[in-house]
Amino acid sequence: MTAGLTTAQLTEQHRPTLDQALEAIRTRAYWSPHPEHPKAYGEPDASGRPTLSPADGKAAFDALRGKRFELDQPGADGWTATETSPYGIELGVEYPHPDIEVLLPAMRAGMPAWRDAGPEARAMVCLEILTRISARSHEFAHAVMHTSGQAYLMAFQAGGPHAQDRGLEAVAYAFAEQTRTPADAEWTKPQGKRDPLRLRKTFTPVPRGIALVIGCNTFPTWNGYPGLFASLATGNAVLVKPHPRAVLPLAMTVKVAREVLREAGFDPNLVALAAERPDEGLAKVLAVRPEIRVIDYTGSTAFGDWLETHARQAQVFTEKAGVNTVVIDSTDDYKGMLDNLAFSLSLYCGQMCTTPQNLLIPRDGIDTDAGPKSYDEVVADLAAAVERLLGDDARASALLGAIVNPGVKERLEAAPGLGSTALPSRSVTHPEFPDATVRTPVLVKADGARKFWEAADAEAPYLSECFGPVSFAVAVDSTAEAVELLRRTIRDKGAMTVGAYTTSPDAERLIEEACLEECAQLSLNLTGGVYVNQTAAFSDFHGTGGNPSASATLCDGAFVASRFRMVEVRRPV
C-alpha cells in the first residue's frame, strides 16, 4: 500500500457497511446505504464527505461535454465518439480507443497483487469506489439520462443509488462466498500408536482472469455494476466495453475505480475501458480472446446466444430477452390493479427488461370488487387508466423519458399492424427537450386461442419479445389456459418477470406452481406503490437464471462463486 489509502483506513470506514450488507442479503429485509431522494445530496454524507448538489452535478456533467475523456490507460491508439443524446443535446465526448494487444497484458500484470490482497481488502476498495460514485450521483444521473433516455428522476435513482446498491450487493455475495472456506486450517489424522499425520493447509481464492463487462444501452450502470463489482471483488481485472450509445456513465465509473485503485496502492489497470469505433463489433473480438475468462452481458437474445456458443473459454453470464406475462384472473381492487398496470406499462416508455408485455385475460371476463368485467371492459378501462396517467405532457415526460434508439421507435410504429389497437400511441412534447422522441404506450388486442400458440411453428406476434412500449391484451378461454400459455412462453421465450391478479386460492396455487416449475419470478396482486418491473437490491432477485431470458440472477451466490477458484496448498507441520 502507498500512503494514499491504507487497508486499515478503508476497513475502518467501510467494514460496518459491508457487515450491514451481509446481514441484508441474509434477512432479505429492506436496507440501502445510498439515499434515493435527490435532496439528500449537496451536504456531507454520513462520513463527512462532500456530495454534489443537483446544480453541481449538472455543472459537472456539462463540463464533460465536447471534450476528450482522459483515462491514462495503456494501449490507446486513437479516439472515438459514438453517443447521441435521446434528448437531442450535443454530447461530443471522445474516449480512448484501446489497442487490446497492449491493454490486456497490462491488465493481467496487476492481478497477482490484487489476488494476494485477500477478500476483505478487495471488498473495502470496491466500497470506496462505490462511495465516491455515490457522492456524484447527480452527475451520473445526467450521464445516464442523456445516453439511455431515462427521465431525470429515474436516471438519478436507477442509474445512481439503486445501481450502487446492486454493486454493493455483488460485493457482499463475493465476500461471503470467498470467506466461506477458512484461509488456513491445521489437519490432524490419528494413527493409533503411531504419531498422527499433521498438515497445515492454506486456501486462497484465485481469480479466473480478465472479466469483460458488455454494457447495455438502457441501464448502463444498473445492469453493469453487478458483474463489474462481482468480478473485481473476487480478484479479477475488469475490462468494461460499454454500449456505443451509452459510454459516458461507465467511462466515469472506470475513471473513479482507477483513481481508487491507484490511491490504495494497486495497479489502476485492473479496471479499464474499451470504447469501440462505430460499427467495429469490438465485443465479438474481445469475447473470444483467451485472456477473457468471465463475461457479463445484457442485451439481445441473438448476441447472448452467440456469446454462450462461441466464448467457450469464459464463464458467461447473460441477461437476454424475454416475454413478460401478467395473468389477470380476478381482483378485489380493480382500480388499484388498473393504475398499477398503467404505471408498469408506461415507465421509461416500456424500455425495461421487466416491463409486462402480454396481459392474459379470460375472454368471458373477470370478477372484481366493482362487479363482473368483460374482456373488452378490462382492456378499455386499462387504456383509460394509461390515458389518465399520461394525460398531462409534463407529467408524461417525467415518467416516460425518451425513446432510446430507432429500433424501439420502429417496433412501436409497426405495432398497430399486429392486431386491433385498444390504445394508440401518441407523441408527447418534452417541455425542456423539444427534440426528444417521447411516445406513450400502445396496447394491441390479440387472440390467445390454443391454435395460435400450441403448434411448434406458432407465429402469433405476442409470442416474441417486442421491446419497448408495446403490450398485448391476449384473450384466453380460461385462467387454466392462461397458465398453460404462461408456461409455454416462459419455457420457450423466457421471462424476467411474471405478474398475476387473482382472488382465488386455487388459481393462485396454479400460477405459483407454473412459475416454480418453469423458474420465473412472480409478483401477485400488486395494486399499490410496488410494481412488477421494479426490484430492490439485497431483497429481490432479478431474473432466475432458470429460463431462456437469463443465465444468471442478480444477485446470488452462483453469480459470484464461479468467478474464482479455491486453490489449496498443503505443508507438513
Side-chain angles (χ1 to χ4, degrees), residues 21 32-36 38 86 126 129-130 133-134 136-173 213-232 238 240-243 245-254 256-257 296-299 304 317-322 324 344 347-355 401-402 404-405 467 496-497 521 530-543 549-550 552-556 559:
S32 170
H34 304 113
E36 65 176 5
C126 288
I129 295 168
L130 285 165
I133 291 172
S134 176
R136 296 167 57 184
S137 289
H138 279 289
E139 180 186 359
F140 272 80
H142 286 282
V144 171
M145 174 183 178
H146 285 288
T147 53
S148 71
Q150 294 177 33
Y152 183 75
L153 182 59
M154 184 178 186
F156 172 80
Q157 292 183 336
H162 296 171
Q164 296 150 24
D165 284 348
R166 281 298 187 195
L168 176 54
E169 180 184 39
V171 174
Y173 272 106
V213 174
I214 303 175
C216 68
N217 193 176
T218 49
F219 289 88
T221 55
W222 197 97
N223 278 109
Y225 282 6
L228 192 165
F229 285 99
S231 288
L232 192 61
V238 183
V240 179
K241 205 299 293 182
H243 190 284
R245 292 179 179 272
V247 184
L248 184 56
L250 290 178
M252 292 164 61
T253 301
V254 168
V256 173
D296 288 277
Y297 166 75
T298 300
F317 299 92
T318 59
E319 180 188 315
K320 300 177 289 188
N324 302 318
S344 294
L347 184 62
Y348 184 31
C349 287
Q351 299 169 128
M352 303 173 69
C353 63
T354 50
T355 299
V404 67
N405 61 52
F467 183 76
M496 294 298 294
T497 57
Q521 310 289 15
V530 177
Y531 304 94
V532 68
N533 43 349
Q534 297 174 318
T535 58
F538 309 107
S539 186
D540 294 326
F541 291 114
H542 177 71
S549 66
T553 187
L554 306 180
C555 285
D556 63 2
F559 184 68

Chemist: What's the separation between atom OG in Ser134 and atom CG in Asp165, rounded to the nearest 0.5 Å?
Modeler: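 Going from OG on Ser134 over to CG on Asp165, the span is 9.0 Å.
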Chemist: Show the nearest heavy-atom pair for residues Met145 and Pro86, with the distance to one decimal.
Modeler: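 The answer is O-CD, 4.4 Å.
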Chemist: If we ignore hydrogens and angles and just use 3.5 Å, is the side chain of Thr318 paired with the main-chain N or O of Ala550 as donor and acceptor?
Modeler: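 Not at all, since once roles are kept as given, no pair shorter than 3.5 Å links the two residues.
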Chemist: Are the side chains of Thr218 and Phe467 in contact, using a 4.5 Å heavy-atom criterion?
Modeler: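 They are in contact (side-chain heavy atoms under 4.5 Å apart), so the answer is yes.
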Chemist: Check whether the side chains of Glu319 and His542 place a donor and an acceptor atom closer than 3.5 Å, and report yes or no.
Modeler: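 Looking only at side-chain atoms, His542 and Glu319 do form a donor-acceptor pair, the distance falling under 3.5 Å.
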Chemist: Could you go through the side chain to side chain contact (heavy atoms under 4.5 Å, CB included) check for Phe229 and Leu168 one step at a time?
Modeler: CA-CA 8 Å; Phe229 285 99; Leu168 176 54; over 6 Å; no
Chemist: Roughly how far, to the nearest 0.5 Å, is OG1 of Thr354 from CD of Gln521?
Modeler: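 One finds 11.5 Å between CD of Gln521 and OG1 of Thr354.
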Chemist: Any chance you could measure Leu228, atom CG, to Cys126, atom SG, to the nearest 0.5 Å?
Modeler: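 Leu228 CG to Cys126 SG: 8.0 Å, rounded to 0.5 Å.
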Chemist: State, with a plain yes or no, whether a side-chain heavy atom of Met352 is found less than 4.5 Å away from one of Phe219.
Modeler: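 Counting from C-beta outward, Met352 and Phe219 do come under 4.5 Å.
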Chemist: Report yes if some heavy atom in the side chain of Tyr152 is under 4.5 Å from a heavy atom in the side chain of His138; otherwise report no.
Modeler: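 A side-chain contact under 4.5 Å exists here.
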Chemist: For residues Pro249 and Pro220, report the shortest heavy-atom separation together with the two atoms involved.
Modeler: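 Scanning both residues, the minimum pair turns out to be CG-CG, 3.9 Å.
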Chemist: Shortest non-hydrogen contact from Thr535 to Trp222?
Modeler: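 Looking at all heavy atoms of both residues, the shortest contact is OG1-CZ2, 3.6 Å.
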Chemist: So do Val256 and Arg136 actually touch side chain to side chain, heavy atoms under 4.5 Å?
Modeler: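 Yes. Closest side-chain heavy atoms under 4.5 Å.
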Chemist: Within this structure, what is the CE-CD distance for the pair Met154 and Gln534, rounded to the nearest 0.5 Å?
Modeler: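 Those atoms lie 7.5 Å apart.
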Chemist: Mind checking whether Pro161 and Phe156 have side chains closer than 4.5 Å, heavy atoms only?
Modeler: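 Pro161 vs Phe156: side chains touch.
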Chemist: Looking only at atom types and distance, does a side-chain atom of Glu169 sit under 3.5 Å from a main-chain N or O of Phe538, one as donor and one as acceptor?
Modeler: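 Yes; judged by distance alone, with no hydrogens or angles, the pair exists.
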Chemist: Given side chains that start at C-beta, do those of Leu232 and Ile129 come closer than 4.5 Å, heavy atoms only?
Modeler: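 Side-chain contact under 4.5 Å: yes.
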Chemist: Is it true that the side chains of Tyr225 and Thr253 contain a donor and an acceptor less than 3.5 Å apart?
Modeler: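 Thr253 and Tyr225 do have a side-chain donor-acceptor pair below 3.5 Å.
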Chemist: So, Gln164 and Ser137: side-chain donor and acceptor under 3.5 Å apart, yes or no?
Modeler: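 A pair is found: one side chain offers a donor N or O, the other an acceptor, under 3.5 Å apart.
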Chemist: How long is the gap from CG on Leu250 to CD1 on Ile214, to the nearest 0.5 Å?
Modeler: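 So the gap between those two atoms works out to 12.0 Å.
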Chemist: Can you give me the closest heavy-atom contact between Val144 and Thr221, atom names plus distance?
Modeler: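 Closest approach of Val144 to Thr221, heavy atoms only: CG2-OG1, 4.1 Å.
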Chemist: Would you say that Cys353 contacts Thr497 through its side chain, given a criterion of any heavy-atom pair below 4.5 Å between the two side chains?
Modeler: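 No - every pair of side-chain heavy atoms lies 4.5 Å or more apart.
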Chemist: How many angstroms lie between atom NZ of Lys241 and atom CG of Asp296, to the nearest 0.5 angstrom?
Modeler: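 Going from NZ on Lys241 over to CG on Asp296, the span is 13.5 Å.
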Chemist: Testing the basics here: between Asn217 and Arg245, what is the closest heavy-atom pair and its distance to 0.1 Å?
Modeler: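 In terms of heavy atoms, the two residues are closest at OD1-CD, 3.2 Å.
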Chemist: Indicate the atoms forming the closest heavy-atom contact of Thr355 with Ser344, along with that distance.
Modeler: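 Minimum heavy-atom contact is CG2-O, 3.6 Å.
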